[in-house]
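Structure record follows, encoded as structure tokens.
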Amino acid sequence: MNLFSIFLGRVHAAIHDIAGDRADAIALHLSRVVVEPPRDASHGDMATNAAMVLAKEFGAKPRDLAEALAAKLREDPDVAAVEIAGPGFINLRLREAVWIDALASMLGAGPEFGRSQIGQNRATNVEYVSANPTGPMHVGHCRGAVFGDALANLLQFAGYDVTREYYVNDAGAQVDVLARSVYLRYREALGEDIGAIPEGLYPGDYLSPVGKALADLYGDTLLKKSEAEWLPMVRAAAIEEMLAVIKDDLAALDIRHDVFFSEASLQGQGGAVDTTLDQLRKAGLVYEGRLPPPKGQLPEDWEDREQTLFKTEQFGDDTDRPLVKSDCSYTYFASDVAYMKDKIGRGFEELIFVLGADHGGYVKRLEAVAAALSGGKAHVDVKLVQLVRLFRAGEPVKMSKRAGDFVTLREVVDEVGRDAVRFMMLFRKNDAVLDFDFAKVVEQSRENPVFYVQYAYARTQSVLRNAAESLGGDVGGPASADALARLSDAGEIGLIRKLAEFPRIVESAAQAHEPHRIAFYLHELASDLHHHWNRGNDNPGLRFVVADDPQATNGRLALVRGVALVLSTGLRLLGVAAPAEMR
RNA sequence: GGCCCCGUAGCUCAGCUGGAUAGAGCAGCAGCCUUCUAAGCUGUUGGUCGCAGGUUCGAGUCCUGCCGGGGUCGCCA
């Protein structure tokens, strides 16, 4: 139930009523007509731009058209007043009963309030995290992980058919380096003194247990084998272990993927990469050619040579992209093409990629590949997630990648908790750099948005507990129509109005792929609740629990339950807990 | 040098895909206050939306060109 779309329907009807034989021409422009809350609450409850958008088609001045539409809308029994303002806005003021009904109906919907069908079950793939299986996750992965997970929740709630996917880079040079690093630990586990870890191998001691496990399993038999023999065995074991570590890290953030897709599974003789490239060759999209060197500074090892290229440029990429390396193996990009083909083959229409901002150069080629492979059917959206800067009480946390002393995701979660991490990662637009302060995010203060929002929910529960105590157990049931009708204070109606916005926030956030809008909305709702609460300090008549007036109390408790409902649903979408009390 | 992202109050950021007089929190200023268990509260100052053009009824939002900051730039993943 979205009040704004309901009234959009009524505005459409009013337009249709006065359109006459222009109806067909006007229908084409209807999508630009919106009904939204006005920026300034004094303008009314809802505003529509219909008259300004359609003035040309009607051959009328915006304000004249607005007048005609207003006359129609005034016939609506739910509308208390219609005003025309500015260049031709139509402002609607709704009868109070509409808000009361809205509250009753959202309480009836319960946890389903806000759910939408705009996704129309579109098959949607959200790929996120996809960290190389070479070690535990560090903070750099954290933001994309939370973002992708919350976005997936949001899209599901908005009616998309969502698959959460992780692309495992288990082919290529990196996992060979991993295998060699583990092999060293294996020798160490057998009692050998391996000394310092050589440059170019992974130094982290998280690999020691893997080496130990191999020693337990194989004894010293691997020592006698050549690298060509032991490497695949060690590699497979190492990848499996690292993936288990990563899944464990993700679970600490309450993140679980549906599909872990192996890059290696695409490769090999007659594999998906082979067949995909064959198809592209047949389609004339692959050729042997030379690439112009990059503009500006020429890389030192630049060598002008002929290579196998995919014609991505004609699909919007900056240049064509190589598919085969100089050693005749496939490039990472070739796997990517086959992987994209696989996703499209599985029927996905919406392909969302959550990547770090340093992958910005990858956007155009992904879009081009999807366009080339799906004939423009599959829609790609790459969400770039900016970096997180860590602070400890205002001081930047120093990290050196070379020395391997990066902060792990697990350390952050263990220190401040899952809720703080998740909420803060979402309390900023994805493409803006985010400052994360260990001290601030656990502070119990107004300046800490995690606490501020969770505390608002705890406050609703505290009120309900309190009311149950002072009024007896009879406050849990649904409020009667008479009780609801007692809601009339501007602050109370204002809160309902805010609650009624939730469904359209869900829809717009889902369509824009911007979960942060939910976080900001919740922060506003929390703020409205706290403000209304504070008014009760000066004016006891506005408090939720009115000792000698059970009917008014019942109505107000329904409002409290409505706020609690939306806060908990919103927090659920973000993957953040809604605690009943905070002490 | 090419491409991508960012630039909004002193600071940190929103701005609902083009709407009305651009918002919030912090800081500042001025008051009030000891709680329906809870973060003290209320009011208020503060803006050439980086700059210059353009598109139209209307631009922080879209287009072009500059300025500043970050990222990225054949075969690494």
Side-chain angles (χ1 to χ4, degrees), chain A residues 32 34 36-40 43 47 49 52-53 55-56 61-62 85-89 91 130 132 134 169 171-175 263 290-297 299 301-305 307-309 318-333 335-336 356-364 384 386-387 427-429 431-433 435 443-449 451-452 455-456 458-459 462-463 465-467 470 501 504-505 507-509 511-512 514 516-517 520-521 523-524 526-527 530-531 533-538 540 542-547 581-583:
Chain A
R32 284 157 59 210
V34 297
E36 54 187 6
R39 192 172 286 176
D40 187 338
H43 290 143
N49 60 353
M52 291 175 293
V53 169
K56 205 173 275 174
K61 286 183 196 155
F89 285 100
N91 292 327
S130 297
N132 290 334
T134 53
N169 298 128
Q174 298 240 3
V175 283
E263 180 191 358
R290 287 169 196 276
L291 231 38
K295 298 266 161 58
Q297 264 192 336
D301 57 348
W302 175 265
E303 148 193 19
D304 187 26
R305 66 176 188 87
Q307 47 189 348
T308 308
L309 299 165
D318 297 319
T319 178
D320 293 337
R321 302 287 172 184
L323 293 162
V324 180
K325 289 195 260 187
S326 52
D327 66 357
C328 292
S329 64
Y330 286 126
T331 61
Y332 181 83
F333 175 67
S335 299
D336 246 23
D358 54 342
H359 287 67
Y362 225 70
V363 176
K364 283 187 187 177
L384 297 178
Q386 262 294 356
L387 66 140
F427 200 59
R428 192 113 310 173
K429 224 169 9 185
D431 50 15
V433 177
D435 292 346
E443 215 171 75
Q444 299 219 341
S445 80
R446 181 186 185 131
E447 282 86 72
N448 176 9
F451 175 76
Y452 193 67
Y455 173 60
R459 179 167 261 175
S462 152
V463 170
R465 277 195 306 272
N466 220 26
S470 59
E501 278 181 39
R504 62 185 296 279
I505 297 289
E507 290 184 355
S508 65
Q511 280 176 319
E514 291 186 350
H516 78 274
R517 293 189 197 185
F520 278 93
Y521 167 82
H523 192 256
E524 287 170 18
S527 170
H530 292 314
H531 280 125
W533 171 280
N534 286 323
R535 291 177 64 216
N537 283 336
D538 297 335
L542 289 176
R543 296 181 181 185
F544 292 121
V545 178
V546 190
E581 56 181 351
M582 301 181 81
R583 285 179 189 273

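Here is the naming used below: chain letters follow the sequence lines, and residue numbers restart at 1 for every chain.
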Could you tell me how far B:rA24 sits from B:rU8 if I compare only their C1' atoms? Round to whole Å. 13 Å
Should A:Arg428 and A:Gln386 count as side-chain neighbours, where that means a heavy-atom distance under 4.5 Å? no
(request) Please state the C1' separation for the pair B:rG25 and B:rU64 - nearest whole angstrom. (result) 36 Å
- When rounded to the nearest Å, what value does the distance between P atoms of B:rU42 and B:rC36 take? 15 Å
So which protein N/O to nucleotides 40-44 of chain B N/O distances come out below 3.5 Å?
unit_1 : atom_1 : unit_2   : atom_2 : d
B:rC41 : OP1    : A:Arg446 : NH1    : 3.1

So what does A:Arg32 touch, heavy atoms closer than 4.0 Å: a base, only the sugar-phosphate, or nothing?
-> nothing
In whole angstroms, the gap separating C1' of B:rG70 from CG of A:Leu384 amounts to 13 Å
If you restrict it to nitrogen or oxygen atoms, what contacts under 3.5 Å exist between nucleotides 9-11 of chain B and the protein, and what is each distance?
none

Practice prompt. Answer yes or no: is there a donor N or O on one side and an acceptor on the other, between the side chain of A:Asn448 and the main chain of A:Glu443, under 3.5 Å?
Written response: yes
Closest to the side chain of A:Tyr452, out of B:rA39, B:rU12, B:rA77, is B:rA39
Note to self: Is there a side-chain contact between A:Leu291 and A:Gln307 in this structure, where contact means two heavy atoms from C-beta onward sitting under 4.5 Å apart?
What the structure shows: yes
**Study point:** Separation of the C1' atoms in B:rC29 and B:rC66, to the nearest angstrom
**Key:** 40 Å
Taken to the nearest 0.5 Å, the spacing of A:Arg543 CZ from A:Asn537 CG works out to 6.0 Å
Reading nucleotides 14-20 of chain B from 5' to 3' and marking B where a protein heavy atom lies under 4.0 Å of the base, S where only the sugar-phosphate is that close, and - otherwise, the string is SSBB-BB
Rounded to whole Å, CG of A:Asp40 lies from C1' of B:rU21 at a distance of 8 Å
Value for OH (A:Tyr332) from CG (A:Leu323), rounded to nearest 0.5 Å, stands at 14.5 Å
Output for pair (A:Asp320 CG, A:Thr308 OG1), nearest 0.5 Å, gives 12.0 Å
Separation of B:rU37 atom P from A:Phe544 atom CZ, nearest Å, is 12 Å
Of A:Asp358 and A:Lys364, the one whose closest nucleotide on RNA chain B sits nearer the 5' end is A:Lys364
inquiry  = Measuring only the C1' atom in each nucleotide, how far is B:rU21 from B:rU37? A whole number of Å is fine.
reply    = 42 Å
A:Lys56 atom NZ is separated from B:rU55 atom C1', nearest whole Å, by 12 Å
Next item on the list: Pick the P atom in B:rG50 and in B:rU61, then give their distance to the nearest Å.
Entry: 8 Å
CZ (A:Arg290) and CG (A:Asp304) are apart, to the nearest 0.5 Å, by 5.0 Å
Separation of B:rU12 atom P from A:His523 atom NE2, nearest Å, is 18 Å
Per the O4'-C1'-N9-C4 / O4'-C1'-N1-C2 angle with a 90° window around 0, B:rU37 comes out anti
Between CZ of A:Phe333 and C1' of B:rG74 the distance, given in whole Å, is 12 Å
When rounded to whole Å, the CG to P distance for the pair A:Leu387 and B:rG69 reads 17 Å
- Task: For this output row, return yes or no: ring centroids of A:Phe427 and A:His516 closer than 6.0 angstrom.
- Result: no
### Message
So A:Arg504 and A:Ser508, do their side chains get closer than 4.5 Å, heavy atoms only?
### Response
no
RNA chain B nearest-nucleotide lookup for A:Ala357 and A:Val324: closer to the 5′ end is A:Ala357
So, the side chain of A:Thr331 versus the backbone of A:Pro322: is there a donor-acceptor pair under 3.5 Å, distance only? yes
Closest non-hydrogen atoms of A:Leu384 and A:Gly356, given as atom of the first, atom of the second and distance, are CD2-O, 3.6 Å
Taking the same atom, C1', in B:rU48 and in B:rA59, what whole-Å distance lies between them?
15 Å
Taken in chain and number order and not counting sequence neighbours, the residues that satisfy ring pair (Phe, Tyr, Trp, His ring centres under 6.0 Å) with A:Phe544 are A:His532
- request: Using a 4.0 Å heavy-atom cut-off across all strands, classify A:Phe451 as base, sugar-phosphate, or nothing.
  value: sugar-phosphate
Worksheet item: How would you label the contact of A:Lys61 with the nucleic acid (heavy atoms, under 4.0 Å): base, sugar-phosphate, or nothing?
Response: nothing
Protein heavy-atom contacts under 4.0 Å, written 5' to 3' over nucleotides 45-50 of chain B as B (base), S (sugar-phosphate only) or - (none), form the string ------
Using a 4.0 Å heavy-atom cut-off, does A:Val545 contact any base of the nucleic acid, only the sugar-phosphate backbone, or nothing at all? base
d(A:Asn169 CG, A:Asn132 CG) to nearest 0.5 Å is 4.5 Å
*Look at all strands and tell whether A:Ala458 reaches a base, only sugar-phosphate, or nothing, counting heavy atoms closer than 4.0 Å.*
base
Check whether A:Asn534 reaches the backbone of A:His530 with its side chain - one donor and one acceptor, N or O, closer than 3.5 Å. yes
- Between A:Glu514 and A:Arg517, does at least one N-O distance fall below 4.0 Å, as a salt bridge requires? yes
Atom CG of A:Asp304 and atom P of B:rG74 are separated, to the nearest Å, by 14 Å
Output for pair (A:Met52 CE, A:Phe89 CZ), nearest 0.5 Å, gives 4.0 Å
Here RNA chain B, pairs taken as Watson-Crick or G-U under 3.5 Å and shown with ( ), [ ] when crossing and | when to another strand, reads (((((((..((((.....[...)))).(((((.......))))).....(((((..]....))))))))))))....
| said: Any non-hydrogen side-chain atom of A:Asp318 less than 4.5 Å from a side-chain atom of A:Lys364? | reply: yes
- On a whole-Å scale, what distance lies between the P atoms belonging to B:rA9 and B:rG46? 15 Å
ask   = Under the 3.5 angstrom rule, does the side chain of A:Asn49 hit a backbone N or O of A:Arg32 as a donor-acceptor pair?
value = yes
